[in-house]
There are 2 protein chains.
Amino acid sequence: MISKKTKYAINALVYLAKKPLQQPILISEISEQEKIPQKFLEAILLDLKKAGILASKKGKGGGYFLLKSPNDVNMADVMRLFDGPIALLPCVTHKYYQKCEECKDEESCGIRSVFLEVRNQTVDLLKKATLTEIMKREKSV
Amino acid sequence: MISKKTKYAINALVYLAKKPLQQPILISEISEQEKIPQKFLEAILLDLKKAGILASKKGKGGGYFLLKSPNDVNMADVMRLFDGPIALLPCVTHKYYQKCEECKDEESCGIRSVFLEVRNQTVDLLKKATLTEIMKREKSV
DNA sequence: TATTAGTCTATTAATTCAATAGACTTTGTA
DNA sequence: TACAAAGTCTATTGAATTAATAGACTAATA
């Protein structure tokens with residue numbers, strides 16, 4: 001399961017992606033519309049800003065807006081930002097790699113082979129799932 | 001990430017699958033060979049027994065052995081047993097289904113659509129990953 | 001009947017998750 | 001220029017989960 005943080009982040013991003021470019025949206029608006037505790041949301045948006053996905057404007061008339069193109073924001077990146085690795089086993093991640101204690105030879109490990117395949121497929125799908133793609137899927141029903 | 005419990009369970013199952021049918025294997029042996037804390041392993045094996053995957057024999061000459069055929073034990077079932085749902089979102093699981101608070105219409109939700117696809121692909125792969133399959137992959141390198 | 005080996009219940013330490021509180025800083029505008 | 005709006009930062013907390021440990025109990029075999 002992904003954390004609430006990640007889910008909230010995705011909801012907020014989709015919400016912002018539907019607004020006009022560069023238009024600052026209040027945290028309080030996102031919080032109310034998407035039913036996300038405001039203080040919690042503040043931290044999330046800040047992280048998304050630090051990651052270069054969002055930008056913000058302070059003071060009156062301020063708020064958050066998408067910095068990256070909705071085409072360039074995918075679910076794999078968002079999940080990694082908040083939940084860490086997507087892989088189900090540490091010996092199968094790229095950035096957070098950790099060797100298994102009990103494993104003699106990693107290359108010939110049947111368990112690893114299975115979970116490597118799962119990871120690759122999942123990452124593939126999540127990378128294709130951009131904000132644009134998510135909005136497209138919404139409309140098509 | 002899967003829990004250590006699940007990982008230990010898989011390691012223990014693969015270990016048992018390599019032994020002769022019906023031959024009871026000591027908990028202590030599995031614990032040592034697979035580097036799993038013995039007390040922790042006891043609980044795991046008990047759960048696998050309750051799930052009908054393993055059987056045990058008490059007293060001298062006792063131990064655990066596979067009850068199901070290695071062909072019928074797959075990673076999806078094992079993961080579900082210890083870690084619960086495989087899906088990344090509650091609105092996309094079968095048995096643990098929960099509606100999203102903020103979602104107006106589930107059928108047309110673009111986020112859900114993405115994560116449903118991820119879930120289905122993952123479950124597919126994990127169901128094919130039986131103990132037999134894992135052992136086959138080990139040899140093939 | 002002693003010994004071996006699995007079963008059961010309870011507890012604990014550590015970590016992570018989700019949320020909250022409050023003070024601080026920046027900025028637009030009256 | 002001062003006030004109010006709105007984002008930023010640091011700290012804390014409660015709950016839940018994970019990983020592991022301890023110890024008493026029960027069943028089976030030689």
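Throughout, protein chains are lettered first and strands after them, A, B, ... in sequence-line order, and every chain is numbered starting at 1.
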Might you list the N or O atoms of the protein lying below 3.5 Å from N or O atoms in nucleotides 15-20 of chain C, with each pair's distance?
{"unit_1": "C:dA18", "atom_1": "OP1", "unit_2": "A:K4", "atom_2": "N", "d": "3.3"}
{"unit_1": "C:dA18", "atom_1": "OP2", "unit_2": "A:K4", "atom_2": "N", "d": "3.2"}
{"unit_1": "C:dA19", "atom_1": "OP2", "unit_2": "A:Y8", "atom_2": "OH", "d": "3.3"}

Is B:E117 salt-bridged to A:R137, going by a charged N under 4.0 Å from an acidic O?
-> yes

Within this structure, what is the CG-to-P distance between B:L16 and C:dG6, rounded to whole angstrom?
-> 11 Å

Beyond-backbone contact of A:M1 with B:P90, side-chain heavy atoms, under 4.5 angstrom | yes

Starting from P on D:dT18, measure out to CG on B:L81 and report it in whole angstrom.
-> 13 Å

Given atom CD of B:E42 and atom P of C:dA10, what is their separation to the nearest angstrom?
-> 17 Å

Length of the line joining B:K7:NZ and D:dA19:P, which is rounded to integer Å | 12 Å

Got a donor-acceptor contact below 3.5 angstrom from the B:T122 side chain to the B:V118 backbone?
-> yes

May I ask you to decide whether B:E106 forms a salt bridge with B:R112, counting only side-chain N to carboxylate O separations under 4.0 Å?
-> yes

Any B:L116 side-chain heavy atom under 4.5 Å of B:S113 side chain | no

When we call it a touch if two heavy atoms are under 4.0 Å apart, what does A:L45 touch: a base, just sugar-phosphate, or nothing?
-> nothing

Measure the distance from CG on B:L26 to P on C:dT4 and round it to the nearest whole Å.
-> 12 Å

Does B:N74 offer a backbone N or O that forms a donor-acceptor pair with the side chain of B:T130 under 3.5 Å?
-> no

Show me the protein contacts with nucleotides 25-30 of chain D, counting only N or O atoms at under 3.5 Å.
{"unit_1": "D:dA27", "atom_1": "O4'", "unit_2": "B:K58", "atom_2": "NZ", "d": "3.3"}

B:D47 and B:I53, any side-chain heavy atoms less than 4.5 Å apart = no

Provide, to the nearest angstrom, the distance between the CE atom belonging to B:M1 and the P atom belonging to D:dA19.
-> 12 Å

Check whether any side-chain heavy atom of B:L131 lies under 4.5 Å from a side-chain heavy atom of B:L66, and answer yes or no.
-> yes

May I have the distance from B:K50 (atom NZ) to C:dG6 (atom C1'), rounded to whole angstrom?
-> 12 Å

Could you state the CD1-P distance from A:I25 to D:dG7, rounded to the nearest angstrom?
-> 10 Å

What is the minimum heavy-atom distance between B:Y96 and B:R80, and which atoms define it?
-> OH-O, 4.5 Å

